[in-house]
Amino acid sequence: MPIHEECGVFGIYDPAGDCARAAYYGLYALQHRGQEACGIAAINDRELSFHKDLGMVGDVFDQRTLDELNGTMAVGHVRYSTTGGARRENAQPLTLKYVKGTLALAHNGNLPHADELRVKYEYQGAIFQTTSDSELIAYAIAQARLRCPSVEEAVRRALKELRGAWSLIVMSPRKLIAARDPWGFRPLCMGRRGEAVVFASESCALDAVGARFERDIEPGEIVVVEDGEVRTVQQPASSGHLCIFEQIYFARPDSVICGQSVHEARRRAGQLLAEESPAEADVVIGVPDSGLDAAMGYAEASGIPYGVGLVKNRYIGRTFITPGQDHREQAVHIKLSPLQSCVKGKRVVMIDDSIVRGTTSRQIVTLLREAGATQVHFRSSAPPFIAPCYFGTDIPDKSQLIACNYSLEEMRAQLDVDSLGFLSLNALRRMTPDLSCGICDGCFTGYYPIKL
């Protein structure tokens with residue numbers, strides 16, 4: 001299912017040092033959130049150094065680079081562009097020197113009013129070096145800092161003027177600051193490892209560095225770490241509206257987001273899907289990776305055996321995160337291979353996390369038919385996309401969404417499947433019983449938590 005997503009952020013304070021290496025491991029754990037570019041900025045004795053480039057974590061960093069970045073604080077970022085495109089200058093963390101010192105910033109999310117903000121700031125004399133909306137946040141903080149007694153107060157004032165989605169980590173020479181937008185669109189959590197304090201987009205990154213999950217940063221909350229002391233400088237604003245696609249697709253299945261196990265949410269989605277859209281079949285398979293948990297749930301609820309029908313090439317990134325539709329289509333053929341012994345001569349239920357344009361889905365169906373599947377029954381563990389997203393998930397406009405242009409029967413014919421079913425909106429809201437916040441399901445309903 002090809003759309004493109006947001007990013008992953010990681011930050012650590014550790015008086016023992018070697019924070020760049022911890023950030024490196026954390027970014028590896030978050031690589032699924034962005035494969036376009038990555039970077040790490042570190043503070044050593046109040047001096048800022050950084051390294052970033054296009055490419056994945058293992059390609060951009062080596063032993064020498066990490067040794068040069070050694071310090072007691074570090075911020076890391078993996079990027080997929082929601083605004084600004086795939087350019088080296090847009091790689092994060094963003095770093096800047098200004099009259100009050102230096103800052104490094106890592107941002108996950110999107111500002112729907114970025115163009116309006118850019119014009120406003122340019123008329124104030126701003127000269128931007130990137131096309132990323134993250135630089136607008138950095139500029140707002142730097143400007144606010146000129147009138148504020150502290151960097152955390154500058155962050156608070158700057159964010160107050162913004163609308164949209166942000167999970168943000170800001171690093172000054174003495175402080176590490178984590179902030180989440182008042183609506184809680186994107187996840188951000190905090191953990192500890194001895195005296196170290198760690199922030200990350202997902203709990204799987206805490207696990208990767210041996211940190212114990214402590215809590216989620218709440219919507220609207222701003223947390224500061226200074227000399228090992230953690231304090232909240234802005235209290236939570238609401239219960240939040242987490243993007244439900246975090247549970248359906250974005251997050252790693254071993255993460256826990258806002259109290260909800262991602263694996264269990266997807267498994268439950270599959271169970272609900274089996275109740276709503278049953279099929280007579282011989283085997284249930286999932287499209288790796290995010291369709292696998294839902295396929296297990298579907299198999300459990302339906303009694304149809306679960307099988308491994310598609311094998312994923314682990315050395316190529318997710319087609320979802322490959323910029324450009326032409327590249328995505330090419331990538332499908334080298335990314336997935338059907339397991340003939342599992343599907344040949346069988347009626348197959350194929351579970352995928354969602355259907356956007358339908359192009360990739362049809363290619364996968366073709367692979368299964370060529371491998372000998374006698375029937376293919378397609379089930380989506382998400383409802384149909386009917387609206388774009390403005391908060392960090394680049395779901396395209398309605399003209400490109402298959403569900404906006406065809407009826408269910410027409411979609412079935414377009415995908416060349418024997419039957420087609422989607423998770424209902426009612427089931428979508430039942431798939432996360434342990435979620436401690438509200439959800440944003442605007443891409444499925446057209447209704448958003450904030451006015452656009």
Side-chain angles (χ1 to χ4, degrees), residues 9 11 13 41 43 46 48 73 75 77 83 92-130 132-186 188 190 197 199 216-227 229-238 240-241 390-392 449-452:
V9 298
Y13 162 84
I43 292 288
R46 301 197 180 185
L48 175 69
M73 283 194 294
V75 173
H77 188 271
T83 301
Q92 294 188 36
L94 296 180
T95 57
L96 64 150
K97 293 181 179 180
Y98 67 121
V99 69
K100 291 286 187 174
T102 57
L103 284 179
L105 177 147
H107 167 226
N108 168 24
N110 195 55
L111 304 181
H113 63 318
D115 290 343
E116 172 190 327
L117 273 179
R118 185 174 293 273
V119 171
K120 174 185 172 182
Y121 291 157
E122 285 176 340
Y123 270 104
Q124 293 175 358
I127 300 173
F128 294 107
Q129 305 300 314
T130 79
S132 166
D133 59 353
S134 304
E135 190 177 13
L136 301 175
I137 301 176
Y139 175 81
I141 294 170
Q143 285 295 300
R145 181 69 180 93
L146 300 178
R147 307 181 299 275
C148 290
S150 66
V151 65
E152 60 267 34
E153 176 62 16
V155 170
R156 190 189 70 80
R157 291 191 192 181
L159 296 183
K160 194 175 179 181
E161 303 301 315
L162 303 179
R163 289 182 290 113
W166 59 82
S167 285
L168 195 67
I169 301 178
V170 178
M171 182 175 67
S172 74
R174 295 179 53 239
K175 300 173 183 177
L176 192 65
I177 302 167
R180 200 167 165 216
D181 68 74
W183 303 275
F185 289 113
R186 297 294 160 206
L188 189 63
M190 181 176 78
V197 180
F199 300 106
D216 292 295
I217 304 302
E218 299 297 331
E221 187 179 15
I222 300 176
V223 176
V224 179
V225 182
E226 183 178 9
D227 295 328
E229 255 186 55
V230 180
R231 66 183 191 276
T232 294
V233 297
Q234 180 166 290
Q235 295 299 322
S238 69
H241 295 84
Y390 301 95
F391 309 111
I450 62 175
K451 186 178 180 180
L452 297 170

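Counting begins at 1 with the first residue of the sequence.
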Practice item. Kindly compute the distance separating CG (L111) from CG (D133), expressed to the nearest 0.5 Å. Key: 4.5 Å

**Study point:** Contact check, side chains of L159 and L168, non-hydrogen atoms, under 4.5 Å
**Key:**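 L159 reaches L168 side chain to side chain.
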
Point to revise | Any V197 side-chain heavy atom under 4.5 Å of L176 side chain | key: no

Revision key, fill the gap. Applied to residues 135-160, the ring pair (Phe, Tyr, Trp, His ring centres under 6.0 Å) test, sequence neighbours excluded, yields Y121-Y139, F128-Y139

Residues in side chain to side chain contact (heavy atoms under 4.5 Å, CB included) with [X], at least two apart?
| X | value |
| --- | --- |
| Q129 | I127, E135 |
| S167 | N108, R180, R186, L188 |
| I43 | L48, M73, M171 |

**Study point:** Contacts of type side-chain hydrogen bond (donor to acceptor under 3.5 Å, both in side chains), residue Q143, not counting sequence neighbours
**Key:** none

Exercise for review: Apply ring pair (Phe, Tyr, Trp, His ring centres under 6.0 Å) to Y390 and list each qualifying residue two or more places apart in sequence or on a separate chain.
Suggested key: Y448

Exercise for review: Would you mind listing every salt bridge (charged side-chain N to carboxylate O under 4.0 Å, His left out) that reaches into residues 139-151, with sequence neighbours excluded?
Suggested key: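 Qualifying pairs: none.
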
Using modelled atom types and a 3.5 Å cut-off, is there a donor and acceptor pairing between side-chain atoms of [X] and backbone atoms of [Y]?
| X | Y | value |
| --- | --- | --- |
| H107 | W166 | no |
| E152 | I177 | no |
| T232 | Q235 | no |

Check your understanding: Taking everything shown except E229 itself, do over 12 heavy atoms lie less than 6.0 Å from its CD?
Key ->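 No - once you tally the heavy atoms of other residues, nucleotides and ligands closer than 6.0 Å, there are 12 at most.
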
In chain order, what residues pass the salt bridge (charged side-chain N to carboxylate O under 4.0 Å, His left out) check against [X], with sequence neighbours excluded?
| X | result |
| --- | --- |
| E221 | R215 |
| R174 | E226 |
| R163 | none |

Point to revise | Considering all heavy atoms, the nearest A237-P182 contact | key: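 Of all heavy-atom pairs spanning A237 and P182, the closest is CB-CB, 3.9 Å.
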
Check your understanding: Is it true that R157 and E153 make a salt bridge, defined as a side-chain N closer than 4.0 Å to a carboxylate O?
Key ->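 The answer is yes: the pair qualifies as a salt bridge.
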
